[in-house]
Q: 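One structure, pasted below without further comment.
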Amino acid sequence: THRPAALVSVPANRPPAGDFAADMLAALAARPRCLSPKYFYDEKGSALFDQICQLPEYYPTRAELALLAAHAAEIAGQIGPDAEIVEFGAGSLRKIRLLLDALDHPVRYVPLDISGAHLAASAKALQRGYPGLSVLPVVADYTAALPLPQKAGGAARRVGFFPGSTIGNLSPAEALAFLKQAGRALRGGALLLGVDLVKDPSVLHAAYNDAQGVTAAFNLNLLGRANRELDADFDVSGFVHSAFYNAPLQRVEMHLMSRRAQRLRVCGQSFAFAEGETLHTENSYKFTMGGLRELAVKAGFEPGPAWTDPQGQFCLHWLQA
Ligand code: AVI
């Protein structure tokens, strides 16, 4: 039966603008200065991220799409018939189509994302392509809580899909907490988790320092967003995008670095930046096969098959909940 996509807003879990203000003020007051990457994804940031995914240097999206296309039948076999699929951080919903096309009668698709307007538009477009599928978008900060509706009536099992190596944007403690929570919500089902793998640092460096400067614009948009949404007066041209691979910590770090000594105001408070001082805006952890399995076991999952490409760029893990 055709059911129109309804946008379920979960106010308690949707970070209100106030959180951005409070978190930005706290970040500016702290040393080192560090803000959650979840604030990248306003409408403009989500659109810039979609552009990043098309960049020649940003291999993870292409690598994961190729894995999904190559192994769709096998993955669909693991998922089984009449499943409900819950996607975390659903973004523009390109990857799910590869799965949906291979699945045997999926019952319902529940995409969760922090960016409400972006999610609503993507869910609507997806619904048009799959008129027989129930699509239930949920606006939520899934790092805070998982406000999942009851499993759909008639669903044989609930399978989570967390692609894009978005788990790498969480700290190790946050990633463990998220996985524990997801494991509880998916009990009896499984999680299909996509992670970026540790590799040649020059490949990682290029992926976060693209020639067209889209990643720089994505990073700097955070300051633009602060100027638009908070009472802030960042001089965006006074900061530069800085991204590098921190090998001992197995992560790419993104920072906004002050080009000069400057003062600025946010919500009536004044802050000083020294020349070269940074606001740390993102970590993107990279994983080894063994490291990810260890983390999954710690969170209560039983690792199953894993699919990776011949160059070892990216890996999809099947984790039994
Ligand atoms: C969404 N996330 C997995 C991306 C990443 O690679 O960590 C975000 C991103 N940051 C810069 N480029 C892409």
Side-chain angles (χ1 to χ4, degrees), residues 34-65 67-68 87-96 111-115 118-119 122 141-143 161-172 174-175 178-179 191-225 239-246 249-257 278-287 292 295 313-317:
C34 189
L35 186 68
S36 166
K38 69 185 175 191
Y39 294 114
F40 282 139
Y41 302 93
D42 67 344
E43 239 181 296
K44 189 171 174 202
S46 296
L48 283 166
F49 179 65
D50 284 349
Q51 258 178 271
I52 287 176
C53 294
Q54 314 271 356
L55 291 170
E57 298 94 335
Y58 195 75
Y59 62 85
T61 310
R62 269 187 306 283
E64 188 174 41
L65 282 167
L67 283 176
L68 285 167
E87 183 171 357
F88 303 108
S92 57
L93 313 185
R94 259 180 82 202
K95 291 166 188 165
I96 194 65
L112 273 82
D113 201 273
I114 197 169
S115 182
H118 202 65
L119 177 66
S122 307
D141 176 3
Y142 54 84
T143 61
F161 181 40
F162 196 20
S165 206
T166 304
I167 194 165
N169 294 135
L170 305 180
S171 71
E174 287 169 336
F178 168 79
L179 286 175
L191 176 67
L192 180 64
L193 178 65
V195 295
D196 196 10
L197 296 174
V198 168
K199 59 179 62 62
D200 180 344
S202 69
V203 175
L204 291 170
H205 188 89
Y208 293 82
N209 290 279
D210 66 278
Q212 293 169 57
V214 182
T215 309
F218 173 72
N219 197 5
L220 287 159
N221 176 55
L222 196 69
L223 303 181
R225 179 180 184 186
F239 287 84
V240 64
H241 165 71
S242 166
F244 55 88
Y245 184 54
N246 182 334
L249 295 180
Q250 256 177 245
R251 69 190 194 194
V252 172
E253 294 185 15
M254 292 215 311
H255 296 251
L256 289 163
M257 185 183 284
T278 76
L279 172 62
H280 186 169
T281 50
E282 185 184 64
N283 288 318
S284 190
Y285 283 87
K286 307 303 166 190
F287 299 86
L292 191 283
L295 176 66
Q313 294 192 99
F314 203 90
C315 188
L316 281 168
H317 288 263

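Just so you know, ligand 1 is whichever comes first in the structure, and atom 1 is the first atom listed for that ligand.
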Q: For Ser165, is at least one N or O under 3.5 Å away from an N or O on ligand 1?
A: no

Q: For Tyr59, what residues pass the side-chain hydrogen bond (donor to acceptor under 3.5 Å, both in side chains) criterion, not counting sequence neighbours?
A: Asp196, Lys199

Q: Kindly write out the residues that satisfy salt bridge (Lys or Arg N to Asp or Glu O under 4.0 Å) with Asp210, not counting sequence neighbours, or none if the list is empty.
A: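 By the salt bridge (Lys or Arg N to Asp or Glu O under 4.0 Å) rule, Asp210 matches no residue at all.
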
Q: Students should be able to answer this: which protein heavy-atom is nearest to atom 10 (N) of ligand 1, and at what distance?
A: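 Result: Glu282 OE1, 2.8 Å.
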
Q: Which atoms from ligand 1 have a heavy atom of Phe218 less than 4.0 Å away?
A: 10 (N)

Q: What residue and heavy atom of the protein are closest to atom 4 (C) of ligand 1, and at what distance?
A: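 Here the nearest protein heavy atom works out to Tyr58 OH, 3.4 Å.
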
Q: Let's go through Phe244 and His255 carefully: what are the C-alpha distance in whole Å and the side-chain angles of both, what is the deciding distance for side chain to side chain contact (heavy atoms under 4.5 Å, CB included) to 0.1 Å, and is it a yes or a no?
A: CA-CA 9 Å; Phe244 55 88; His255 296 251; 3.6 Å; yes

Q: What about Thr166: any of its N or O atoms under 3.5 Å from an N or O on ligand 1?
A: no

Q: Is the shortest N/O to N/O distance between Thr215 and ligand 1 below 3.5 Å?
A: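 Looking only at distances, the answer is no, because the N/O contact criterion of under 3.5 Å is not met.
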
Q: Do Arg62 and Leu65 come within less than 4.5 Å of each other through their side chains, counting heavy atoms only?
A: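 A side-chain contact is absent here, since even the closest heavy-atom pair is not under 4.5 Å.
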
Q: Side chain to side chain contact (heavy atoms under 4.5 Å, CB included), that's the test. Do Glu253 and His280 meet it? Break it down for me.
A: CA-CA 7 Å; Glu253 294 185 15; His280 186 169; 3.8 Å; yes

Q: Do His241 and Tyr208 have ring centroids that are under 6.0 Å from one another?
A: no

Q: Taking both backbone and side-chain atoms of Ser284, is any N or O found less than 3.5 Å from an N or O belonging to ligand 1?
A: yes

Q: For ligand 1, is any non-hydrogen atom under 4.0 Å from Asn219's backbone (N, CA, C, O), its side chain (CB onward), both, or neither?
A: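 Asn219 to ligand 1: no contact under 4.0 Å from either part.
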
Q: For Glu174, does the CD atom sit with more than 12 other heavy atoms under 6.0 Å from it, leaving out its own atoms?
A: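 Counting neighbours around CD of Glu174, more than 12 heavy atoms of other residues, nucleotides or ligands fall under 6.0 Å, so yes.
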
Q: Just heavy atoms, cut-off under 4.0 Å: does Phe40 contact ligand 1 by side chain, backbone, both, or neither?
A: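 Near ligand 1, Phe40 shows nothing, with every heavy atom at 4.0 Å or more.
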
Q: Number the atoms of ligand 1 from 1 as they appear, then name those within less than 4.0 Å of a heavy atom of Phe49, with their elements.
A: 1 (C), 4 (C), 8 (C), 13 (C)

Q: Pull out every atom of ligand 1 sitting under 4.0 Å from any heavy atom of Gly164, numbered as shown with elements.
A: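 The atoms of ligand 1 under 4.0 Å from a heavy atom of Gly164 are 3 (C).
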
Q: Is the shortest distance from a heavy atom of Gly168 to ligand 1 less than 4.0 Å?
A: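 Per 4.0 Å heavy-atom rule, Gly168 does not contact ligand 1.
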
Q: Just say parallel, tilted or perpendicular for the rings of Phe49 and Tyr58, cut-offs at 30° and 60°.
A: perpendicular

Q: For atom 2 (N) of ligand 1, what is the closest protein heavy atom, and at what distance to 0.1 Å?
A: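 Ranking protein heavy atoms by distance from atom 2 (N) of ligand 1, first comes Asn169 OD1, 2.8 Å.
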
Q: Between Tyr41 and ligand 1, does any nitrogen or oxygen pair lie at a separation below 3.5 Å?
A: no

Q: Would you say the rings of Phe287 and Phe314 are close, in the sense that their centroids are separated by under 6.0 Å?
A: no

